[in-house]
Amino acid sequence: YCYLSPLCWALYVLLLLLVPTMLGSLRTPIAQVIEYQARIKDTTHKMMSLVSELSMQQTVALRLQQEVVEKESQLQQENTRLELGEPPNPQVEEEWQRLVQLQTHKSYSRQQSTEELLGTLLPDGTYTTAQPRPSAYIPSGTSDLPVPKPYGSHAPFKPTPLGTTARHIRKPDPKPIDI
């Protein structure tokens with residue numbers, strides 16, 4: 001930004017005011033051509049974007065039509081298999097087998113839990129959560145009285161479960177119990 005003398009400044013302002021009026025007749029058609037070119041360019045870009053969006057939508061529509069045809073043929077095949085008494089497809093058969101197995105497992109576990117509940121029922125009618133003691137040292141049926149047999153220091157017992165630190169220890173060989 002340089003300093004202009006007042007005379008230069010006045011000439012500059014005069015030129016700014018007079019030049020557009022003198023060149024107005026020349027500038028107007030050029031400006032119109034430039035404006036029309038800008039509009040044409042903008043419209044061309046819009047049309048190209050719309051054409052590309054249209055092609056994307058067409059590919060999606062074609063893919064969906066193919067999917068509909070595949071699903072209809074699959075449905076027709078499954079209906080014919082159902083009419084023949086077969087499962088509609090292998091996945092349905094596998095799922096059915098899994099559900100049947102799950103139901104049998106649930107019924108078995110229910111039966112196990114009722115047996116365990118009955119096993120914890122004491123003769124007086126109360127329930128207990130205590131573990132049953134081993135009664136292998138009481139002979140049954142051989143004598144008149146069920147008198148415990150003395151085992152000395154090697155009486156049977158229920159060992160505690162092993163912890164995680166004992167996994168490297170070798171298990172001992174069990175000695176047979178003489179009755």
Side-chain angles (χ1 to χ4, degrees), residues 40-179:
I40 290 171
K41 189 176 184 181
D42 186 41
T43 309
T44 305
H45 282 294
K46 286 180 183 178
M47 282 180 23
M48 288 173 64
S49 67
L50 288 174
V51 166
S52 66
E53 285 181 22
L54 179 65
S55 67
M56 288 190 323
Q57 293 296 331
Q58 284 176 339
T59 56
V60 168
L62 284 173
R63 183 175 47 86
L64 290 176
Q65 280 179 339
Q66 289 174 350
E67 206 172 300
V68 165
V69 168
E70 290 173 3
K71 295 291 182 184
E72 285 176 348
S73 67
Q74 182 180 0
L75 179 65
Q76 187 177 10
Q77 288 174 356
E78 289 176 355
N79 283 336
T80 56
R81 288 186 70 163
L82 278 176
E83 289 172 359
L84 295 174
E86 297 175 358
N89 56 27
Q91 292 85 10
V92 172
E93 186 175 11
E94 290 172 5
E95 186 176 350
W96 178 259
Q97 293 295 331
R98 190 172 42 86
L99 287 174
V100 167
Q101 185 179 9
L102 183 67
Q103 286 178 347
T104 56
H105 179 69
K106 282 183 181 180
S107 66
Y108 178 73
S109 64
R110 225 179 283 127
Q111 183 182 6
Q112 285 276 342
S113 65
T114 55
E115 287 176 3
E116 287 176 5
L117 188 62
L118 290 175
T120 59
L121 186 62
L122 295 177
D124 62 350
T126 58
Y127 291 101
T128 180
T129 58
Q131 296 287 329
R133 293 183 58 198
S135 59
Y137 58 94
I138 299 177
S140 61
T142 58
S143 66
D144 295 334
L145 293 174
V147 178
K149 205 172 186 185
Y151 279 94
S153 63
H154 301 294
F157 70 100
K158 186 172 184 179
T160 59
L162 292 176
T164 58
T165 58
R167 66 175 170 243
H168 62 278
I169 300 174
R170 190 172 14 132
K171 293 183 179 180
D173 294 329
K175 295 180 181 178
I177 298 174
D178 295 330
I179 295 180

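Source: prediction; values computed, not measured. We count residues from 1, following the sequence as given.
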Visitor: Distance check, rounded to the nearest 0.5 Å: Asn89 atom CG versus Glu95 atom CD?
Guide: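 If we round to the nearest 0.5 Å, Asn89:CG and Glu95:CD are 9.5 Å apart.
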Visitor: Please table the atom pairs, donor to acceptor, closer than 3.5 Å between any side-chain atom in residues 98-106 and protein atoms at least two apart or in another chain.
Guide:
| unit_1 | atom_1 | unit_2 | atom_2 | d |
| --- | --- | --- | --- | --- |
| Thr104 | OG1 | Val100 | O | 3.3 |
| Thr104 | OG1 | Gln101 | O | 2.7 |

Visitor: Using the rule given for side-chain contact (heavy atoms from CB on, under 4.5 Å), can you reason through Ile40 versus Thr44, listing the C-alpha separation, both sets of side-chain angles and the distance that settles it, and then say yes or no?
Guide: CA-CA 6 Å; Ile40 290 171; Thr44 305; 4.0 Å; yes
Visitor: Side-chain contact test, heavy atoms from C-beta onward, threshold under 4.5 Å: evaluate it for Leu54 versus Gln58 and give yes or no.
Guide: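 Of all side-chain heavy-atom pairs linking Gln58 with Leu54, at least one is under 4.5 Å.
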Visitor: Using atom types as modelled, flag every donor-acceptor pair under 3.5 Å from a side chain in residues 62-76 to any protein atom, sequence neighbours excluded.
Guide:
| unit_1 | atom_1 | unit_2 | atom_2 | d |
| --- | --- | --- | --- | --- |
| Ser73 | OG | Val69 | O | 3.4 |
| Ser73 | OG | Glu70 | O | 2.8 |
| Gln74 | NE2 | Glu78 | OE2 | 3.4 |

Visitor: Atom CD of Gln57 and atom OG1 of Thr59: how far apart are they, to the nearest 0.5 Å?
Guide: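 So the CD of Gln57 and the OG1 of Thr59 are separated by 7.5 Å.
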Visitor: For Glu86, check salt bridge (charged side-chain N to carboxylate O under 4.0 Å, His left out) against everything at least two apart and list the hits.
Guide: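 So Glu86 forms a salt bridge (charged side-chain N to carboxylate O under 4.0 Å, His left out) with Arg81.
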Visitor: How far apart are the C-alpha atoms of Met56 and Val60, what are their side-chain angles, what is the distance that settles it, and do they pass the side-chain contact (heavy atoms from CB on, under 4.5 Å) test?
Guide: CA-CA 6 Å; Met56 288 190 323; Val60 168; 5.6 Å; no
Visitor: To the nearest 0.5 Å, tell me how far Leu84 CG sits from Asn79 CG.
Guide: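 Result: 11.0 Å between the selected atoms.
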